[in-house]
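First, the structure itself, so that you have it in front of you.
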There are 2 protein chains.
Amino acid sequence: MPARQSSRKDAIRNREAVLAAAEALFTRRESPEDVTMADVAAAAGVGKGTLFRAFGDRAGLLRALYEARLEPIRQAVETGPAPLGPATSPRDRVPALLDAILCFKLDNRRLALALEEGGSSSPYRAEHYERWHHLLRTVLEQIPGLTNSDFTAHALLAATRADLVEHLAGEERIPREGMRAQLANFVTRALVSGPLQGLTAEE
Amino acid sequence: MPARQSSRKDAIRNREAVLAAAEALFTRRESPEDVTMADVAAAAGVGKGTLFRAFGDRAGLLRALYEARLEPIRQAVETGPAPLGPATSPRDRVPALLDAILCFKLDNRRLALALEEGGSSSPYRAEHYERWHHLLRTVLEQIPGLTNSDFTAHALLAATRADLVEHLAGEERIPREGMRAQLANFVTRALVSGPLQGLTAEE
DNA sequence: CGTTGAAACGGACCCAGGGTCCGTATTCTA
DNA sequence: TAGAATACGGACCCTGGGTCCGTTTCAACG
């Protein structure tokens, strides 16, 4: 996967250097906003031209970093074992997927933040979002009695948005496990299906 | 409410002019990003200096517009009749609140979008968000058997985020009533309380 | 009214940061 | 090792938010 079929080796080397430097900068600096492209170039020991040729624009760089980090999870989801893999029952897989996403964002706060605010064009156009949404939607549809899978998928994903996670972890100081538990709880409730609603269950 | 105790009348007049021009521009133009401060100033027939003196910065202008639009809803929530007002039972009020928020964002798509992406510092620091969150959290706490009110409030509010609403309305072309119904459905499910979970209700 | 100080005006100006350009250096191929 | 192809890099451009300050307008007072 590292090669990226492209003859000249200096190009590949520089690409790696940029990736590494960017990753370091984004995790080190407080806010993604104060990592400029010039910073990245300098940290990688490379000119701005090189950087932009390799990644197109800022969003491209972010995307490259993000996808790289996401790869393992993607694998686990597509071909891995339960509870993430495709063999899992829908009702168990949905919470597992959202938990994985949450953990990912907790582990890559700055990066996810940088990518999601991005600026121009909403996060909903990013293809990695579309992938998650499509998958989640598909799994939700397999749960009998559940309707509005499309919207529900969006709404559940919204609960793991990078800036919310950042806020909960950073400002409200909610610990990792606490957040996971609360998300799991929330997801479970959202998955209640069937005609009954508004019920106040017996204590 | 228009006066804004400030002796000189040209100041007030200009303030109004800017507000009006900005409102027009934001609703007219496709994306909030291509409404520049210079545009607003020009459209209002005013110098940039005036604009910045009156509102501090871009975020200030957005906030002013937003708050003005939000005022009626705020009234309805604080002192109005059911289902938004404080006399409503929690279980009915929560969906009503979220529905109101959704409608507001549908009616002010561009503006809400502009304010929420904003750029620097997450939407979660905005005091209007804090107000909604605090209210919702408080109401949720009054529902017996419900825990994690804080997180739940965040998660429910996340389902009405401006860019999501924009995406659903703009890309997926979901009609207003459809979206309201789906949100209502989602909220209802999230409010299910009590020990039972994972149930597949009888058809 | 006319004066006068305070407050507001407005547009030239500054600056950061994303993105481009092109002359130069490097790499690959034969 | 010559030549073409490709990559390099930093000077440069441009947009857009925000500031500065000389000029104008307001309103309070005589």
Side-chain angles (χ1 to χ4, degrees), chain A residues 2-22 25-26 29-65 110 113-121, chain B residues 2-22 25-26 29-65 110 113-121:
Chain A
R4 174 71 95 168
Q5 200 260 340
S6 146
S7 26
R8 287 180 54 163
K9 69 164 184 284
D10 51 352
I12 328 176
R13 181 173 39 75
N14 280 331
R15 189 187 164 87
E16 304 296 333
V18 167
L19 245 15
L25 282 183
F26 276 111
R29 295 267 229 281
E30 260 310 305
S31 163
E33 319 226 319
D34 44 52
V35 174
T36 74
M37 294 304 267
D39 286 342
V40 175
V46 146
K48 285 179 66 177
T50 301
L51 192 163
F52 279 96
R53 195 167 336 96
F55 297 97
D57 57 8
R58 186 173 226 262
L61 171 59
L62 267 335
R63 237 178 294 130
L65 283 168
R110 308 282 160 64
L113 212 47
L115 192 61
E116 279 187 33
E117 40 191 53
S120 46
S121 85
Chain B
R4 172 72 94 169
Q5 199 262 340
S6 146
S7 28
R8 290 182 52 165
K9 70 164 183 284
D10 52 351
I12 326 176
R13 180 175 39 76
N14 281 330
R15 187 187 167 87
E16 303 297 332
V18 167
L19 246 14
L25 283 183
F26 276 111
R29 294 267 228 283
E30 260 311 304
S31 162
E33 318 227 319
D34 45 51
V35 174
T36 74
M37 294 303 267
D39 286 342
V40 175
V46 146
K48 285 179 66 177
T50 302
L51 193 164
F52 280 95
R53 197 167 334 96
F55 297 95
D57 58 8
R58 186 172 225 263
L61 172 58
L62 267 335
R63 237 178 294 130
L65 283 169
R110 308 283 159 64
L113 212 47
L115 191 62
E116 279 186 33
E117 39 192 50
S120 47
S121 86

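Residue numbers begin at 1 in each chain, while the letters A, B, ... track the order of the sequences.
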Show the atom names and distances, to 0.1 Å, of all donor-acceptor pairs under 3.5 Å that link a side chain in residues 43-51 of chain A to residues at least two apart or in another chain.
none

*Taking only the side-chain nitrogens and oxygens of A/N14, find out if one of them lies under 4.0 Å from OP1 or OP2 of D/dC8.*
yes
*Report the distance from atom CG of A/D10 to atom P of C/dA25, rounded to the nearest whole Å.*
15 Å
*For B/K9 and D/dC26, give me the distance from atom NZ to atom P, rounded to whole Å.*
5 Å
_Atom of B/F26, atom of B/A114 and distance for their closest heavy-atom approach_ = CE2-CB, 4.0 Å
_Expressed as a whole number of angstroms, how long is the span from A/D39:CG to C/dG19:P?_
14 Å
_A side-chain contact here means heavy atoms from C-beta on lying under 4.5 Å apart; do A/R29 and A/D39 qualify?_
yes
*What closest approach, in Å, do B/A22 and B/V40 show between heavy atoms, and which atom pair accounts for it?*
CB-CG1, 4.0 Å
*Please give, in whole Å, the distance from C/dA25 C1' to A/R13 CZ?*
13 Å
*Figure out the CD/P separation between B/E16 and C/dC9, and round it to whole Å.*
12 Å
*Please examine the side chains of B/F55 and B/R63, heavy atoms only from C-beta on, and report whether any two atoms are closer than 4.5 Å.*
no
*asked:* Expected output is a numbered-order residue list: members of residues 48-56 of chain A with a heavy atom under 4.0 Å from any atom of DNA chain D. What is it?
replied: A/K48, A/G49, A/T50, A/R53
*Nearest-Å distance for atom pair CE/P, residues B/M37 and C/dG10*: 15 Å
*Side-chain contact test, heavy atoms from C-beta onward, threshold under 4.5 Å: evaluate it for B/R58 versus B/L61 and give yes or no.*
no
_Proximity to the side chain of A/T36 - top-ranked nucleotide from C/dG18, D/dG9, D/dG17_ = C/dG18
*Do any side-chain nitrogens or oxygens of B/R8 fall under 4.0 Å of OP1 or OP2 in C/dA7?*
no
